[in-house]
Amino acid sequence: MLKISFITSLNLISESKWVFSQTFLTRQFSFLIPCLLKSCIFSQSLHLSHHLPSIHAQTVVSGLQSELFFNNLLINGYSKSGLLHEARQLFDQMPQRNIISWSSMISMYTQHGQAEEGLSLFSTFARSFSFSNSSNEFMLASVLSACLQSPTVIDCALQVHCLAIKTGYSSDVFVGTALVNFYSKTGFMEKAMSIFNELPVKNSVTWTAIMTGFSRIGSHDLSIRMFSQMRVTGVMPDGFVLSSLISSCAAVEFIRGGRQVHGFLYRSGIEMDVSVNNVLIDLYCKCCRVGTARKVFDRIIAKNLVSWTTMVAGYMQNSYELEAISLFSEMNSQGLRPDAFACTSVLGSCGSLVALEQGKQVHGYAIKANLGSDEYVNNALIDMYAKCDSLSDARVVFDVMEGHNVVSYNAMIEGYATLEDVVEAFALFRRMRSLLICPTLLTFVSLIGVSASLSRVNISKQLHCLIIKFGVLLELYIGCALIDVYSKCSFVDDARIVFDGLEDHDLVVWNAMLFGYSQNGEGEEALKLFKRFCALRMTPNAFTFVAVVTMASYFASLFHGLQFHAQIIKAGVDYDSHVLNALIDMYAKCGCIQDARALFCITNKTDIVCWNSMISSCAQHGHAEEALKLFNVLLTRKMVPTYVTFVGVLSACCHVGLVVEGLCHFYSMKCEFGIEPGIEHYASVVNLLGHAGRLVEAKEFIEEMPIRPTATVWRSLLSACRTYGDVELGRHAARMALLLDPHNSGSQVLISNMFASKGMWEEMEKAREGISHSGGVKEPGYSWIEVEKEVHVFIAKGRVHQEAERIYSMLDCLTLMLKVYACGPQIPQVLVSSWQF
DNA sequence: ATAGGGTTAG
């Protein structure tokens with residue numbers, strides 16, 4: 001008696017006592033061996049499993065090695081301890097085997113991921129024995145679960161199913177449940193459901209199998225409904241059923257349901273083991289209750305790897321990057337070995353935080369932990385490096401890894417898209433298509449993004465076709481990208497078609513469309529759309545206001561601008577730097593430079609964008625000295641000027657003809673501030689030199705430009721040539737401008753005006769013919785002013801306005817005054833002239 | 001015989 005109680009408390013005995021106790025295990029105590037074995041098996045603890053060989057040896061010494069019962073227990077013990085080889089050796093040496101020996105072996109292989117081995121053992125068994133006589137439900141269930149892991153699943157399982165029917169075991173709870181589980185795991189939910197419905201007796205495992213089947217195919221609602229059915233039948237739910245239920249609630253973010261289950265668990269006294277708690281963490285994280293999730297996490301006494309990983313993933317998904325990283329490092333310091341799941345999540349957080357150093361450390365750890373071949377880890381690494389501006393490292397991971405999937409390609413393409421590397425992005429896209437990897441929504445979002453930033457409308461149209469061809473749903477993300485690209489490429493009507501084709505419109509899509517109209521100067525449409533937006537009682541945000549205020553700037557409509565400003569103050573976004581910036585720009589464009597200045601004064605003057613706006617506004621209003629002064633103040637405040645700053649500065653220099661100062665600023669851009677000048681800057685310098693009459697210098701400057709000059713640059717020189725009457729250079733400039741932009745009539749108008757001013761009528765006639773030959777149509781110039789909420793539009797030579805008579809008489813008066821005060825030579829302007837009606 | 005955690009985004 002004493003010894004039996006000693007053995008049943010084996011879990012508690014220490015190593016030394018165990019060694020001592022072995023001496024008692026002689027033949028007369030052989031009845032103790034099964035008890036010992038059971039203790040070892042059920043304790044599942046490693047420090048006991050290494051006693052198995054000695055117990056095994058004891059059975060041999062005790063002459064019990066031929067006892068079937070002992071050997072089956074030993075197989076079970078070895079199998080639970082992962083000592084597969086030892087189990088197999090024993091199995092092969094056993095003088096007798098029964099169906100339990102075979103089943104145990106098959107289950108063992110299945111549990112350790114060697115289902116093939118298990119199935120081959122089963123076929124040996126089936127060949128040597130007549131199945132119908134000697135099989136039992138345990139065997140069938142083991143084989144079914146082996147089938148679930150093997151690639152030959154379907155065939156084998158169907159055979160087992162037939163056998164089960166033949167032997168009458170198919171209505172057994174165990175076999176039936178295994179069948180339900182099999183079909184639901186392999187996606188044959190209808191089959192699983194029909195077996196499920198026919199089962200006379202169901203237990204909680206059966207319900208778990210069917211419920212998890214439904215959640216696996218995404219029918220979480222169905223799974224939740226199954227639970228209510230189960231309650232009606234009176235089967236008591238266990239931890240497994242409730243786990244499954246909670247994960248369904250988590251998947252559909254059904255927080256109320258999840259909370260109810262949590263409460264039920266609490267009240268019913270069902271043991272809240274780690275697994276249940278883990279699903280609860282997941283539930284609260286998915287429903288954005290990170291704090292509650294953390295409380296559940298903290299209360300778990302025996303946290304396992306999944307608990308930690310779920311919490312790290314939860315932090316990551318809710319953008320708690322710092323918490324995710326610190327919990328991950330805590331895992332390490334507690335001696336846990338984070339697996340591929342944990343690494344994937346924490347890498348996501350490193351990427352969002354642009355924490356390259358931490359990301360690299362995780363990479364190092366992943367390699368050491370032998371996780372370097374996990375596809376999720378590799379994809380997360382690509383993403384992390386791409387987000388941390390280390391695209392070359394991302395590419396190395398991409399090139400080295402095996403088995404790329406869509407996510408790998410998407411992450412890599414997005415990396416190139418951010419760098420506007422259209423060539424590499426599309427090279428990868430072609431490669432994935434040639435490998436028949438189906439692109440997803442995100443692939444297209446990235447690719448449209450590149451084509452938008454480079455204004456490549458042809459590429460965008462092709463992508464749009466592909467989106468339709470691949471059946472990628474035209475949902476918000478992609479719709480927004482398309483609206484963006486079409487607007488940027490001036491195809492604003494196409495953008496509108498996309499906008500109208502979307503079923504739902506969220507704020508971001510509205511903003512994109514409003515921006516599209518603003519960018520293209522379609523003030524009227526933008527206004528109409530904004531009215532609809534307001535009628536739908538949508539709440540605008542800072543982006544919306546930036547779009548509409550920009551629209552008011554295009555209109556130069558102070559009336560609208562003031563209204564928007566009032567709404568901005570009401571919405572409380574009046575200190576947003578983008579909004580302020582748009583407002584400064586609006587007031588300046590509406591002629592209210594004082595208001596612009598006043599707004600600039602209330603900004604905290606830390607945002608360079610506002611400085612840029614103010615400098616440009618001053619330049620536009622001819623306050624060049626103020627613009628340059630602002631620029632100097634900016635430098636003394638140790639702020640770093642940007643690309644746009646110099647556009648303003650150079651234009652200010654242009655306005656007042658500060659050639660030397662302008663050139664100085666231009667050269668300092670690259671030398672002092674490391675900003676590569678763009679086409680706007682080059683154009684400004686050409687303008688600067690041209691206005692000053694330094695035409696040859698301007699021409700040489702254009703020819704030495706490292707980037708390809710645009711037609712605008714040549715037209716700027718042409719205009720200067722006209723002013724200074726340099727026909728030869730003008731002709732050259734016009735030729736270059738037309739070469740680059742044959743459809744723009746502006747160049748031809750300029751050159752023909754120049755010929756006219758020189759009295760070169762024949763040449764002028766030729767130039768005018770050129771206009772009609774090239775299909776160039778001179779767009780009528782028009783302008784408008786706003787008087788008491790009414791917009792008056794004026795077109796050159798127009799006579800439509802009701803007060804046309806008075807306007808023209810005033811104009812004549814002004815023209816006369818100009819002639820009197822004009823200091824320069826009279827330049828006849830034949831084609832475009834708003835003065836000579 | 002049953003369960004739980006992961007990557008890309010306008």
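Proteins come first, then strands; the chains are lettered A, B, ... in the order of their sequence lines, and each starts at number 1. Side-chain atoms are counted along with the backbone in the values below, which use heavy atoms only and exclude waters and symmetry mates.
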TODO: Let me know the distance between CG of A/Leu199 and C1' of B/dA1, rounded to the nearest Å.
DONE: 12 Å

- [ ] Look at A/Lys185 and B/dA3 and indicate whether a side-chain polar atom (N or O) is within less than 4.0 Å of OP1 or OP2.
- [x] yes

Task: Sub-4.5 Å side-chain heavy-atom contact between A/Val205 and A/Phe240 - done: no

Open item on the list: Counting only side-chain heavy atoms from C-beta out, which of B/dT8, B/dG6, B/dA3 sits nearest to A/Ala340?
Closed with: B/dG6

- [ ] Check whether the ring centres of A/Tyr385 and A/His363 lie less than 6.0 Å apart, and answer yes or no.
- [x] yes

Task: Pairwise side-chain contact, A/Ile195 with A/His161, heavy-atom cut-off 4.5 Å (strictly under) - done: yes

Open item on the list: Can you identify which nucleotide, out of B/dA3, B/dG10, B/dG5, has its nearest atom closest to the A/Tyr477 side chain?
Closed with: B/dG10

Open item on the list: Let's test your reading of the model: under 3.5 Å, does the base of B/dG5 pair with the side chain of A/Thr309 as donor and acceptor?
Closed with: yes

TODO: Answer yes or no: does a side-chain N or O of A/Asn278 lie under 4.0 Å from OP1 or OP2 of B/dG5?
DONE: no

Open item on the list: Strictly by salt bridge (Lys or Arg N to Asp or Glu O under 4.0 Å), give each pair with a member in residues 191-212 of chain A just once, sequence neighbours left out.
Closed with: none

Open item on the list: Please pick, from B/dA1, B/dT8, B/dG5, the nucleotide with the shortest atom-to-atom distance to any side-chain atom of A/Asn203.
Closed with: B/dA1

- [ ] Report yes if the ring of A/Phe240 lies under 5.5 Å from the six-membered base ring of B/dA3 with planes under 30°, and no otherwise.
- [x] no

Task: Integer-rounded Å distance: B/dG10 P and A/Leu482 CG - done: 14 Å

TODO: Identify which nucleotide among B/dA9, B/dG6, B/dG5 has an atom closest to any side-chain atom of A/Thr344, counting heavy atoms from C-beta outward.
DONE: B/dG6

Open item on the list: Expressed as a whole number of angstroms, how long is the span from A/Leu447:CG to B/dA9:P?
Closed with: 14 Å

- [ ] Go through the N and O atoms of the side chain of A/Ser275 and the base of B/dA3, and report whether any donor-acceptor pair is under 3.5 Å.
- [x] yes

TODO: Look at the side-chain N and O atoms of A/Lys286 and state whether any lies under 4.0 Å from the OP1 or OP2 oxygen of B/dG6.
DONE: yes

- [ ] When you get a sec, tell me which of B/dG10, B/dA3, B/dT8 is the closest nucleotide to the side chain of A/Val509?
- [x] B/dG10

Task: Interatomic distance, A/Leu242 CG vs B/dT2 P [rounded to whole Å] - done: 18 Å

- [ ] Tell me which nucleotide among B/dA3, B/dG4, B/dG5 gets nearest to the side chain of A/Asn304.
- [x] B/dG4

TODO: Describe, in one word, how the ring planes of A/Phe398 and A/Tyr409 are oriented to each other, choosing from parallel (under 30°), tilted (30 to 60°) and perpendicular (over 60°).
DONE: perpendicular

- [ ] Ignoring backbone atoms, establish whether A/Gln317 has a side-chain N or O less than 4.0 Å from OP1 or OP2 of B/dT7.
- [x] yes

TODO: Using only heavy-atom distances, decide whether a donor-acceptor pair under 3.5 angstrom links the side-chain of A/Asp339 to the base of B/dG5.
DONE: yes

Task: Gap between atom OH of A/Tyr315 and atom OG of A/Ser349 - 0.5 Å precision - done: 11.0 Å

Open item on the list: By nearest atom, which of the nucleotides B/dG4, B/dT7, B/dT2 is closest to the A/Ala380 side chain?
Closed with: B/dT7

Open item on the list: Applying a 4.0 Å non-hydrogen cut-off, can you work out what A/Ala481 is touching in the nucleic acid: base, sugar-phosphate, or nothing?
Closed with: nothing

Task: Any N/O donor-acceptor pair, A/Asn379 side-chain to B/dG6 base, under 3.5 Å - done: no

Task: A/Asn379 backbone acceptor or donor facing A/Asp383 side chain under 3.5 Å - done: no

Open item on the list: Distance check needed: B/dT2 C1' versus A/Phe196 CZ, whole Å only.
Closed with: 13 Å

- [ ] Scan A/Met384 against the nucleic acid and name what it touches under 4.0 Å (heavy atoms): base, sugar-phosphate only, or nothing.
- [x] nothing

TODO: Side chain of A/Val407 only, please: which of B/dT2, B/dA1, B/dT7 is the nearest?
DONE: B/dT7

TODO: Could you please name the option among B/dA3, B/dT8, B/dG6 that lies closest to any side-chain atom of A/Asn410?
DONE: B/dT8

Open item on the list: Base, sugar-phosphate or nothing for A/Val377? Non-hydrogen atoms, less than 4.0 Å.
Closed with: base

Open item on the list: Can you measure A/Arg216 atom CZ to B/dG4 atom P for me and round it to whole angstrom units?
Closed with: 7 Å

Open item on the list: Can you identify which nucleotide, out of B/dG6, B/dA1, B/dG10, has its nearest atom closest to the A/Val508 side chain?
Closed with: B/dG10

Open item on the list: Any N or O donor-acceptor pair under 3.5 Å from the base of B/dG10 to the side chain of A/Asp506?
Closed with: yes

Task: Sugar-phosphate only, base, or nothing, as touched by A/Asp374 at under 4.0 Å among non-hydrogen atoms - done: base

TODO: Measure from OH on A/Tyr315 to P on B/dT7 and round the result to the nearest Å.
DONE: 17 Å

Open item on the list: Rounded to whole Å, please give me the gap between CG in A/Asp238 and P in B/dG4.
Closed with: 13 Å

